[in-house]
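To start, the structure itself, in structure tokens.
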Amino acid sequence: MTHLTRSFYTKPTRQLARDLLGCTLVRRLNGQRLAGIIVEAEAYIGEDDLACHARVGRTPRNAVMYGKPGLAYVYFTYGMHWMLNVVSEGEEFPAAVLIRALEPVEGIDQMMQHRARRCALIGLCSGPAKLTQALRIDRALNGVDLCNRQGDLWIEAGDPLPARSIQHGPRVGLGDTPEPWLSKPWRFWVKGNPFVSK
DNA sequence: CGCCAGATCCACT
DNA sequence: GTGGATCTGGCGG
């Protein structure tokens with residue numbers, strides 16, 4: 001297993017979202033590996049996508065999305081939650097993949113302790129804010145390069161998934177985002193995997 | 001079970 | 001001042 005490289009991330013966002021399924025997200029914390037297989041992800045694509053943070057143009061908050069593919073875009077929301085995204089496409093085009101759920105693999109006891117509430121394995125990383133809590137991902141990791149071999153956050157390749165085991169549907173939590181963006185089937189998940197958020 | 005409100009704070013208007 | 005790419009517990013059916 002080794003770090004995915006820049007070329008893996010330099011592709012259309014929906015393709016990247018599909019390709020990330022089955023890969024392993026790894027967090028190095030105090031010399032320990034915390035890791036899980038990505039089983040759910042969503043695409044947010046450009047300034048035209050009215051569900052994407054870049055819909056208002058470039059701001060200090062969303063600037064990382066305009067950067068190199070393979071950067072981590074980590075933002076704070078709802079007054080208490082951190083979200084992890086992987087920047088996609090190409091430099092200056094603002095797009096990213098939201099990591100929504102992991103199947104926990106390594107450092108499970110440690111991840112359990114990081115969660116504010118006691119929870120079962122099935123609910124440990126089954127949501128975008130749950131997994132950042134479990135892996136201790138916050139503002140300190142915003143803008144880090146997932147391709148950096150010296151870094152504390154990266155992604156490793158997994159066994160390729162057959163197309164038939166990938167399902168897709170509308171994105172979650174978009175509130176009153178107008179159509180057609182509200183219904184764009186830009187959420188992808190591993191069919192039948194119990195660690196998916198919904 | 002499903003539905004709903006409260007938590008909590010920062011970026012942008 | 002407003003509202004959000006969420007989570008959780010409480011309440012009603």
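What you see is a predicted model; the values in this text were computed from it and never measured. Naming: A, B, ... by sequence-line order, numbering from 1 per chain.
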Legend entry - Stem segments of DNA chain C by first residue number [Watson-Crick or G-U, under 3.5 Å, at least 3]: B:1-7 with C:6-12, B:9-12 with C:1-4
Legend entry - More than 12 heavy atoms of other groups within 6.0 Å of A:Gln150 CD: no
Legend entry - Terminal contacting nucleotides, 5' and 3', DNA chain C versus chain A (heavy atom, 4.0 Å): C:dG4 to C:dG9
Inset, instruction - Give a yes or no on whether the backbone of A:Val74 and the side-chain of A:Arg139 come within a donor-acceptor separation of less than 3.5 Å. - result: no
Can you name the atoms? Protein N/O to nucleotides 11-13 of chain B N/O, anything below 3.5 Å, with the distance.
| unit_1 | atom_1 | unit_2 | atom_2 | d |
| --- | --- | --- | --- | --- |
| B:dC12 | OP1 | A:Thr59 | OG1 | 2.1 |
| B:dC12 | OP1 | A:Arg61 | N | 3.4 |

Legend entry - From A:Glu179 atom CD to A:Lys184 atom NZ, the distance as rounded to the nearest 0.5 Å: 9.5 Å
Inset, instruction - Treat primed atoms plus P, OP1 and OP2 as sugar-phosphate and everything else as base, then score nucleotides 1-6 of chain B 5' to 3': B for base contact with protein heavy atoms under 4.0 Å, S for sugar-phosphate contact only, - for none. - result: ------
Inset, instruction - May I ask you to say what A:Gly127 touches in the nucleic acid, namely base, sugar-phosphate or nothing, with a heavy-atom cut-off under 4.0 Å? - result: sugar-phosphate
Legend entry - Short side-chain to backbone donor-acceptor contact, A:Arg171 and A:Ala43, under 3.5 Å: yes
Legend entry - Check: A:Asn193 side chain, A:Phe195 main-chain N or O, donor-acceptor pair, under 3.5 Å: yes
Legend entry - Any side-chain donor near an acceptor of the partner, A:Glu156 and A:Thr24, under 3.5 Å: no
Legend entry - Between CG on residue A:Asn142 and OH on residue A:Tyr75, distance to nearest 0.5 Å: 11.5 Å
Legend entry - DNA chain C contacts made by residues 182-198 of chain A, counting heavy atoms under 4.0 Å: none
Legend entry - Residues which pass side chain to side chain donor-acceptor pair (under 3.5 Å) with A:Tyr66, listed by chain and number, not counting sequence neighbours: A:Glu47
Inset, instruction - Check A:Glu42, A:Gln167, A:Glu40, A:His168 against A:Trp189 for a side chain to side chain donor-acceptor pair (under 3.5 Å) and give me the one that passes. - result: A:Gln167
Inset, instruction - Output all residues satisfying ring pair (Phe, Tyr, Trp, His ring centres under 6.0 Å) with A:His3, sequence neighbours left out; order by chain, then residue number. - result: A:Trp154
Legend entry - Side-chain donor/acceptor of A:Asn85 to backbone N/O of A:Ala96, under 3.5 Å: no
Inset, instruction - In whole angstrom, give the distance that lies between atom OH of A:Tyr75 and atom C1' of B:dT8. - result: 16 Å
Inset, instruction - Identify, between A:Glu42 and A:Gln133, the residue whose nearest nucleotide on DNA chain C lies closer to the 5' end. - result: A:Glu42
Inset, instruction - Give a yes or no on whether A:Tyr44 and A:Val86 share a hydrophobic cluster (residues Ile, Leu, Val, Met, Phe, Trp, Tyr; joining criterion: side-chain heavy atoms under 4.5 Å apart). - result: no
Inset, instruction - Identify whether any heavy atom of A:Met80 sits under 4.0 Å from a base atom; if not, whether one sits that close to sugar-phosphate; answer base, sugar-phosphate or nothing. - result: base
Legend entry - For A:Arg115, side chain to side chain donor-acceptor pair (under 3.5 Å) partners two or more places apart: A:Gln133
Inset, instruction - Check each residue of residues 92-120 of chain A for a non-hydrogen atom within less than 4.0 Å of any atom in DNA chain C, then write out the ones that pass by number, or none. - result: A:Leu98, A:Arg100, A:Arg115, A:Arg117
Inset, instruction - Name all residues meeting the ring pair (Phe, Tyr, Trp, His ring centres under 6.0 Å) criterion together with A:Trp82; count only those two or more places apart in sequence or in a different chain, and write none if there are none. - result: A:Phe76
Inset, instruction - Go through the structure and list residues passing side chain to side chain donor-acceptor pair (under 3.5 Å) with A:Arg14, not counting sequence neighbours. - result: none
Inset, instruction - Output yes when A:Glu92 and A:Arg58 qualify as a salt bridge under the 4.0 Å nitrogen-oxygen rule, no when they do not. - result: yes
Inset, instruction - Report, as yes or no, whether the 6.0 Å neighbourhood of atom CZ on A:Arg55 holds more than 12 heavy atoms from other residues, nucleotides or ligands. - result: yes
Inset, instruction - For DNA chain C, determine which residues of residues 47-54 of chain A have any heavy atom closer than 4.0 angstrom to one of its atoms, and list them numerically. - result: A:Ala51, A:His53
Inset, instruction - Provide, to the nearest angstrom, the distance between the CH2 atom belonging to A:Trp82 and the C1' atom belonging to B:dC9. - result: 10 Å
Legend entry - Check: A:Arg18 side chain, A:Ala163 main-chain N or O, donor-acceptor pair, under 3.5 Å: no
Inset, instruction - Taking A:Ser183 for its side chain and A:Pro180 for its backbone only, find out whether a donor-acceptor pair lies under 3.5 Å. - result: no
Legend entry - Joint hydrophobic cluster, A:Leu161 plus A:Leu102, side-chain heavy atoms closer than 4.5 Å: yes
